[in-house]
Structure formats: structure tokens, C-alpha cells
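All values below were derived from every heavy atom in this structure, side-chain atoms included, with hydrogens, water molecules and symmetry-related copies excluded.
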Amino acid sequence: MSGHDSKYFSTTKKGEIPELKEELNSQYKDKRKDAVKKVIAAMTVGKDVSSLFTDVVNCMQTENLELKKLVYLYLINYAKSQPDLAILAVNTFVKDSQDPNPLIRALAVRTMGCIRVDKITEYLCDPLQKCLKDDDPYVRKTAAICVAKLYDINAELVEDRGFLDALKDLISDNNPMVVANAVAALAEIQENSTSPIFEINSTTLTKLLTALNECTEWGQVFILDALSRYKAADPREAENIVERVTPRLQHANCAVVLSAVKMILQQMELITSTDVIRNLCKKMAPPLVTLLSAEPEIQYVALRNINLIVQKRPTILAHEIKVFFCKYNDPIYVKMEKLEIIIKLASDRNIDQVLLEFKEYATEVDVDFVRRAVRAIGRCAIKLERAAERCISVLLELIKIKVNYVVQEAIIVIKDIFRRYPNTYESIIATLCESLDTLDEPEAKASMIWIIGEYAERIDNADELLESFLESFPEEPAQVQLQLLTATVKLFLKKPTEGPQQMIQVVLNNATVETDNPDLRDRAYIYWRLLSTDPEAAKDVVLAEKPVITDDSNQLEPSLLDELLTNISTLSSVYHKPPEAFVTRLKTTVQKPEDEDFAEGSEAGYSSGNPADSAASPPVTMGNVAHPAGRQPAPAPAAPAPVPDLLGDLMGLDNAAIVPVDEPTTPSGPLLPVVVPASTGQGLQISAQLTRRDGQVFYSMLFENNTQAILDGFMIQFNKNTFGLAAAGPLQIAPLQPGTSARTLLPMVLLQNLSAGPPSSLLQVAVKNNQQPVWYFNDKIVLHALFGEDGRMERGTFLETWRSLPDSNEVQREFPGITITSVESTIDLLAAYNMFFIAKRKNGNQDVIYLSAKVPRDVPLLIELTAMVGQPGLKCAVKTPTPEIAPIFFEAVELLFKA
């Protein structure tokens with residue numbers, strides 16, 4: 001819409017729908033166009049104009065491109081709720097896909113791809129095939145993206161109709177934008193597929209590098225991201241690729257620069273020439289520095305990425321440390337990131353200017369930043385042995401300023417320096433003791449007490465200093481109490497005179513009789529027993545030599561760092577977490593749900609209120625527990641977003657089939673994965689997981705109400721699934737007050753709600769209440785929740801069954817990230833989930849364990865686990881009459897061991 005179209009968003013009067021209906025059917029084109037604009041405006045502000053569907057669709061038959069775009073926009077929005085009427089538009093779509101105007105051809109295909117209705121998908125294939133070979137590059141590039149959308153709706157259809165081959169052909173297109181879109185589409189399809197679809201070879205590589213120079217900036221990002229996954233055949237090829245990509249470092253778009261850096265870093269792993277690597281490091285420094293002159297938000301993203309880069313290749317920015325010095329007007333989040341990078345780049349050569357900078361930061365007004373700056377000085381001391389004395393001098397100067405929080409932070413880091421360099425800098429203890437009276441923070445108190453206890457023999461009045469803390473022993477936090485206990489025992493062992501003897505009696509009495517803290521009480525009893533039975537043994541234990549602590553400035557594990565570097569310029573590199581830690585792919589193989597049975601109201605899909613079904617399950621009680629307003633629990637790794645297009649709408653259910661709520665349950669139990677985050681559920685957060693208790697399968701659920709309204713009338717429905725899981729009774733949740741949460745165990749039945757097609761761990765669920773729309777989400781069926789208690793086999797039966805099954809029924813998978821620490825603990829772990837031990841044997845230096853389990857329909861699973869104890873790597877083989885369920889079993893194995 002143009003700028004003067006804002007009038008369509010003005011407040012509307014009653015009776016507007018009939019008026020719009022009349023205008024949409026007007027014989028005048030301008031009037032119809034105005035009416036469609038009004039409809040789009042009403043739709044944009046959230047009004048329901050779905051009743052005008054037929055009238056708006058009739059306006060599609062027009063030569064006016066603007067009007068056609070508006071009608072297509074309306075169709076995309078309402079086709080899901082009016083799938084049968086959306087079919088009326090198909091003929092126009094097909095006709096428009098053959099229009100002489102390439103803009104209209106592209107618009108038709110784009111819109112058909114956005115309408116997620118299966119019936120329309122069938123009609124999309126022929127026009128899409130033509131558009132993929134269209135003469136106009138604009139149409140081809142639009143069709144390429146449409147293939148990715150179609151794959152998301154129906155993967156099988158895309159593979160059967162040869163669209164993937166057509167996409168791969170587009171990589172050879174003479175238009176660089178078509179190539180870029182084809183790469184983007186193939187990359188997205190590859191992410192949602194388990195089989196290799198998009199593999200770059202030397203021929204493809206040349207074409208992509210050629211297109212890289214000519215396509216738009218976002219096209220370059222797609223191509224560079226794809227190239228970063230290519231592994232060069234030899235160092236020479238890697239050098240050639242880097243040479244072609246290096247000019248992208250000068251690009252004005254930050255995303256292109258970071259993608260180019262990622263690509264170069266990946267290829268540098270294969271380059272052997274030190275001269276080439278040195279030159280590349282020099283070339284990468286200026287563009288990374290330039291990123292720091294952008295807006296604060298871009299600076300932050302750049303800094304998080306640079307943080308990873310300098311951990312892998314510190315030489316890139318070794319001479320650029322000054323650009324990371326904080327400016328007075330930097331936002332606090334930028335300052336904190338800069339501080340981390342300065343620590344990583346600090347060296348003996350630049351430590352003097354770094355310490356001057358940190359000392360300046362320690363006098364700023366932001367308390368959190370000052371604390372971090374003081375800690376940074378300590379971390380530099382731990383990292384650089386030759387600079388430790390200079391760091392301590394700066395810390396002592398800061399202590400003399402007598403600013404309370406600076407003094408306390410300095411004492412905390414000096415304790416760490418003592419741990420790093422024992423018996424080296426103890427001469428400063430007297431200075432520290434002058435600040436005893438000002439300490440009021442637990443960590444600072446605990447650090448000071450540790451120093452006094454550790455060096456009690458060098459402090460003449462150590463007993464007096466500790467005694468000053470003992471006066472408030474019962475009121476101190478647990479951290480301080482534990483340190484006081486240990487320090488007093490150290491003092492007694494080092495100076496077994498009358499004063500320390502009285503002190504130890506007081507402390508042990510307080511720590512065993514007067515306290516409720518089990519950790520403190522247990523430690524006190526251990527010390528008491530040691531001191532009363534064998535003081536020499538107590539000395540060996542309490543005064544034992546402590547391991548020297550190390551620098552923690554490179555916190556990330558090498559394997560995690562390598563994975564994050566392959567994800568530079570994505571959210572993963574900002575969070576410093578692998579993608580799977582915060583993103584869950586909604587599907588890897590597409591399986592159509594049985595929408596008709598799920599939405600029409602047949603009783604097979606509902607949570608049955610049959611008393612006979614519920615009788616076998618334990619009684620469920622419920623109550624609301626308050627939690628802080630606005631509390632947002634951290635999302636667990638598996639938190640799929642709602643998928644409204646896959647499931648039917650529960651709003652039209654026969655409510656008589658669903659029993660309302662009456663009884664409550666108390667929220668307690670293990671942490672559950674979040675399936676509907678509060679940000680998606682309009683303040684309602686749902687966490688859920690299948691579990692098994694006393695031979696019964698339950699759906700354990702936690703509802704958290706972060707809204708300002710009472711939520712009630714909760715109902716649940718499960719779509720058809722591989723194991724026929726359905727609710728055995730109604731969902732028992734009492735009205736949920738604002739700021740409260742409730743947990744419930746929903747009894748489940750098996751084999752009642754079976755889906756056709758290959759086995760899948762997908763569990764599609766819909767939940768509704770009286771105040772909100774229906775929330776749809778995808779969960780996973782954790783197979784070990786379905787393992788029966790009758791799955792144990794005799795050894796002879798196991799061998800006989802194994803031999804009777806053909807070799808083709810055996811499926812194997814390796815888990816390189818899983819480490820078995822002991823055979824016995826593994827057997828105990830699996831037994832807890834009804835995977836029963838049969839036998840074990842040695843195969844060279846590997847242990848082989850045989851187990852049995854049983855899934856619904858009495859299907860046995862014969863399991864063989866092979867691993868070397870203490871070494872990463874687990875090989876799992878399963879033999880079963882139904883090998884199709886093996887992938888679901890492997891998911892369960894991985895979940896069990898990683899938990």
C-alpha cells in the first residue's frame with residue numbers, strides 16, 4: 001500500500017462486513033480495489049474478515065498487479081482456515097503462472113508455496129516445474145525458494161517429482177541470483193533432511209565461486225555459508241578457494257564479512273604453509289576491527305564472534321588490542337565483551353597498557369563493570385606468570401582507594417592468585433587484614449577466611465582474626481560457615497595452643513548441633529572424627545598440598561569451539577552454544593498427520609473420561625504454587641514451536657466429550673522440556689514429557705501462568721501416532737491463577753490412536769483453555785517410557801531369538817560422543833528403564849553387553865552395546881522383528897546416556 005493508504009486503518013464502524021461485501025462485488029474496479037485494501041487493513045489490525053473469503057477470491061480475476069498482490073496476501077492468511085474455499089483460487093494460480101508478465105508468474109508460484117494446504121500443494125507441482133525452467137531469472141529464483149517451502153509441507157512429493165534435481169541444475173544457471181537462491185533452498189532442505197542432498201564437488205565449487213562475485217550481498221552470504229561446509233581436497237585447493245573469497249572481507253555488509261571469515265577459518269585448517277596463514281591472519285584483522293565501528297548491537301554480535309576467533313587464532317588480533325579498550329559511551333554489554341577479549345589478548349608485551357586500562361575501569365561508576373575489571377586484573381595475573389607481580393601492585397593500589405566493593409573484589413581475586421602462585425606473594429597479607437572490618441559480601445568474607453586459614457602460621461594474630469568472624473557464625477551464609485570451619489581446623493592443626501583449641505570446640509559445636517545445613521554438619525563430623533582419632537591423618541587430609549589453579553580465559557572445550565566456529569555469524573556464535581542446544585528441528589522426515597480424525601470430533605482422538613481406563617492409574621492431586629511474576633524459566637533444548645498448519649482446530653470440538661477439570665496436582669518432580677515457551681503461548685508456558693511409573697505410561701506436564709488472567713478449562717488432544725498413544729482420562733488442571741504453576745500426570749493408553757505410515761517418534765499434541773487459542777506443539781515419544789516390565793529374557797531364549805531373526809533385521813549406530821564410565825553403572829542405568837541385562841563379554845579391550853527390552857504389541861528388542869570403558873564411543877546394535885523402529889530406539893539410547 002502507498003503512504004496515503006493509512007486512512008484504511010482508521011477506526012471502523014459497526015456493520016462494516018456487509019458494506020465490504022457489497023463493495024467487493026461492485027462493478028467498478030476502483031471500488032473493488034478500495035474494498036480489498038479495507039479488508040487487508042482490517043486483517044492487519046487483527047479483525048476477523050474470513051467471512052469475506054469468497055468475495056475477495058472473486059477479485060483475483062484482474063490485470064491490476066497491486067490488487068492481485070493484495071488478494072494473494074489475504075489468501076495466504078486465511079487459506080488455512082478455509083481450505084475448501086481456497087481450492088477456488090487454484091485455477092487462477094495456474095493461469096497466472098503462465099501469464100506473459102514475469103512478475104505475475106513469480107507472484108503466483110510464491111503465493112501457492114506460502115499457502116500450506118495439502119490440496120493446493122498437489123496443483124502447485126506442474127506450475128512449479130515450468131517456473132523452474134522459465135526464461136526469466138526472476139521467476140526461476142522465486143521458484144527455487146518455493147521448492148524449499150514445498151519440501152517443508154511434503155518432502156516425499158518434492159523427491160518424487162524431481163524438484164531436487166531441478167534445484168541442483170539451477171546451480172549451473174547463468175544468473176547469479178538464481179544460483180544464490182538455489183543454494184539457499186538446498187541448504188534449508190538439507191537442514192531438514194537426514195539424507196545427504198546438497199554436496200558440493202569441485203565442479204559445483206567453481207560455479208559457486210564464479211556466482212559469488214556477481215550476486216547480491218545476501219546471495220553472497222548463502223553461497224559463503226554453503227562453501228564453508230566444503231572440505232578442500234588438498235592444501236593447494238584450500239589456498240585457491242581462500243584467494244577467491246578474500247575480497248569479500250572488504251564488503252560493507254557485516255554478514256558477508258563474517259561469513260567470509262568463517263569460510264577462510266575453515267579452509268585454514270587444511271593449509272600447511274605458515275607464510276600463507278600469517279598473511280591471511282593479517283588480512284582478516286582490518287575487517288574485524290572495522291565491525292567495531294558499527295552500531296552497539298552489531299558491535300556486540302561482532303565481539304561475540306571475535307571472542308571465538310581469538311580463542312582459535314589469537315595472532316589475528318594480537319596487535320589490535322587497543323581497539324577493544326572501552327569507550328565512555330559504550331553500552332555495558334559491549335564493555336563486558338570487550339573486557340573478555342582484552343583478557344584473551346593480554347600478553348607480556350602489552351600487559352602494562354592493559355593494566356593501566358583496567359585500573360581506569362576500576363574507578364568507573366558502574367559497579368558490575370568495576371567488579372569485572374578487578375576480576376580481569378586477577379585473571380591476567382593467573383594467565384601471565386611474569387606479569388603477576390605488576391597485577392598484584394595494581395590490586396593493592398585499588399585496595400588503598402577504600403571503595404568497599406573494589407576492596408572485596410580484590411580480595412577474592414588475590415585468593416585465586418595465592419592458589420596459582422603458592423608461597424610467593426604472602427607478604428601482602430598484612431595489607432589485606434587491614435580491610436577485615438569492611439567485608440560484608442559472602443564471597444569476599446570466605447576468600448579472606450581462606451587466606452587466614454591457609455597462612456595461619458605466618459599471621460601472628462590469626463586466632464584473633466578468625467575469632468572476629470566466629471561471633472556471627474550462626475548468621476553467616478553457608479559459604480562463609482564452611483570456610484570458617486575449615487580455616488579453624490587448619491589453625492588448630494598448625495597452632496595447637498589453648499586459644500585455637502577453644503575455638504575449634506565452639507565451631508564444631510555450632511556446626512553440628514546448632515545448624516540445619518547438612519553439608520556443614522557432615523563436614524564438621526568428619527573433622528571431629530579425624531581430630532579425635534588421628535590428628536596426624538587430619539593434617540594429611542586438611543593441610544594437603546593443593547593443585548595449582550590454571551587460567552580460565554579460554555573457557556570453551558576445543559571440540560565445542562570448532563563447532564561454534566563453523567556457525568560464525570549465526571545465533572550459535574552469539575549464544576556460544578551449539579544450535580541443537582536452543583533450536584529443535586520440527587521434522588526430519590515429513591509424515592502427514594491424519595487431520596480428519598484429529599479435528600472432526602470423533603471420540604477416538606479425545607481424552608476419554610472412561611472410569612475403567614482411569615482406575616488403573618494412581619490418583620492425581622493438584623494445587624497451585626506461586627512463582628515470581630514475569631518469571632521466564634530457561635528454555636530446555638527441546639522446545640518446538642507450535643505448528644498450526646499440521647493439526648486440526650480444537651475450537652469446534654464437541655465439548656460434551658471432554659470432562660471438565662476438578663482435581664488439583666502439586667508441581668514437583670524432575671525438570672521437564674519446554675514444549676510451548678511463554679513467548680509463544682502468550683504468557684502460558686507448557687513443559688511436558690512422556691514418563692513411566694509403576695508399569696503405567698503418563699504424560700507429565702507442567703503449566704506456568706505468566707499472564708495477568710486466570711486460565712481454566714484446560715483440555716488436551718493427541719494426534720494419531722506410531723504407538724497409538726492417547727489420553728486415558730481428562731486433563732486435571734484446576735483454574736490457574738496469574739503467577740502460579742501446576743503439574744499433573746496424565747494417564748495414557750496405548751494402541752488406541754494408531755497412525756499409518758513408517759514408525760516415527762513424533763507426538764503431535766494440542767492443548768486449549770477457555771481464555772486462549774489452541775496451542776499446537778510437537779513432542780518426541782521417548783521409547784524407554786514404553787518399555788514393558790515383562791521384557792526380561794532367559795539367556796537361552798535370547799540366543800535362540802537372535803539366531804532366528806535374519807541379519808537384515810539388525811540395525812547398528814555409533815555414538816562417538818557417549819562415554820561409558822563403568823559396565824555395572826551402565827547396566828544399572830538401563831535396568832531402571834526396563835532394559836534387562838542378559839550377559840557380557842570381552843572383545844579385545846572392549847566390553848560387550850547384551851540386553852533385552854519389549855515395546856508395545858510384545859515386540860522384543862535384542863540389544864548389543866560395545867564400548868571401551870572410559871573412552872568416547874559407543875556402538876549400539878539392535879535386532880528386532882520390526883527393524884523400522886530402530887531409529888526411535890537409538891534416539892532413546894542417546895537421550896538416556898546424555899541425561
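Looking only at distances, a side-chain donor or acceptor of Lys168 sits under 3.5 Å from a matching main-chain atom of Ile197. In this structure, the side chain of Asn279 engages the main chain of Asp275 through a donor-acceptor pair within 3.5 Å. Between the side chain of Gln190 and the backbone N or O of Ser195 there is at least one donor-acceptor pair closer than 3.5 Å. Side chain of Tyr361 to backbone of Cys326: a donor-acceptor contact under 3.5 angstrom is found. Distance alone, capped at 3.5 Å, places no donor-acceptor pair between the Lys149 side chain and the Arg110 backbone. With hydrogens and angles disregarded, a donor-acceptor distance shorter than 3.5 Å links the side chain of Thr566 to the backbone of Glu563. With Asn350 contributing its side chain and Ser347 its backbone, the two residues share a donor-acceptor pair below 3.5 Å. At least one donor-acceptor pair closer than 3.5 Å links the side chain of Gln408 to the backbone N or O of Glu441. A donor-acceptor pair is defined here as one N or O able to donate and one able to accept, closer than 3.5 Å; such a pair exists between the side chain of Asn305 and the backbone of Ser569. Here the side chain of Lys383 pairs a donor or acceptor atom with the backbone of Ile343 at under 3.5 angstrom.
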Task: Residues Ser572, Thr570; criterion side chain to side chain donor-acceptor pair (under 3.5 Å); working and verdict - done: CA-CA 5 Å; Ser572 179; Thr570 67; 4.6 Å; no

TODO: Go through Cys281 and Ile316 one step at a time and tell me if the side-chain contact (heavy atoms from CB on, under 4.5 Å) criterion holds.
DONE: CA-CA 5 Å; Cys281 289; Ile316 293 175; 3.7 Å; yes

TODO: Before giving the answer on side-chain contact (heavy atoms from CB on, under 4.5 Å), spell out for Ile309 and Met284 the whole-Å C-alpha distance, their side-chain angles and the decisive distance to 0.1 Å.
DONE: CA-CA 10 Å; Ile309 293 165; Met284 280 195 282; over 6 Å; no

TODO: For the pair Glu337 and Tyr333, evaluate side chain to side chain donor-acceptor pair (under 3.5 Å) and give the outcome as yes or no after the intermediate values.
DONE: CA-CA 6 Å; Glu337 279 308 309; Tyr333 55 87; over 6 Å; no

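Closest non-hydrogen pair, Pro442 versus Val480, comes out as O-CG2, 3.5 Å. In terms of heavy-atom proximity, Ile306 sits nearest to Leu292 at CD1-CD2, 4.3 Å. Across all non-hydrogen atoms, the minimal contact from Ala180 to Gly219 is CB-CA, 3.5 Å. For Arg349 against Ala318, the heavy-atom pair with the smallest separation is NH2-O, 3.8 Å. Residues Pro547 and Arg419 come closest through the heavy atom pair O-NH2, 3.3 Å. In this structure, Gly378 and Val413 approach most closely via the heavy-atom pair CA-CB, 4.0 Å.
Taking the side chain as every heavy atom from C-beta outward, Tyr230 and Thr204 never approach each other to under 4.5 Å. Between Val245 and Gln267, every side-chain heavy-atom pair lies at or beyond the 4.5 Å cut-off. Ser435 places a side-chain heavy atom less than 4.5 Å from the side chain of Ile399. Considering only heavy atoms from C-beta on, Val183 comes within 4.5 Å of Phe198 through its side chain. Ser293 has its side chain within reach of Thr290: a pair of non-hydrogen atoms, C-beta onward, lies under 4.5 Å apart. Here the side chains of Thr246 and Leu249 are in contact, with some heavy-atom distance below 4.5 Å. A heavy-atom distance below 4.5 Å is found between the side chains of Arg458 and Asn423. At least one side-chain heavy atom of Leu186 sits under 4.5 Å from a side-chain heavy atom of Ile171.
More than 12 heavy atoms of other shown residues, nucleotides or ligands fall within 6.0 angstrom of atom CZ in Arg229. The neighbour count for Glu243 CD, taken as heavy atoms of other residues, nucleotides or ligands under 6.0 Å away, does not exceed 12. Atom CD of Glu188 has 12 or fewer heavy atoms from other residues, nucleotides or ligands within 6.0 Å. Within 6.0 Å of CZ in Phe324 there are more than 12 heavy atoms belonging to other residues, nucleotides or ligands. Under a cut-off of 6.0 angstrom, the local environment of CD in Glu297 is crowded, with over 12 non-hydrogen atoms contributed by other residues, nucleotides or ligands. Annotation for Lys327: atom NZ does not count as buried by contact number, only 12 or fewer foreign heavy atoms lying within 6.0 Å.
The structure places CD1 of Ile277 at 9.0 Å from CD of Glu239, a figure rounded to the nearest 0.5 Å.
Remark: Lys335 qualifies as a cation-pi partner of Phe369 under the 6.0 Å distance and 45° angle criteria applied to the six-membered ring.
Between Phe815 and Phe897, the ring center distance fails the sub-6.0 Å criterion.
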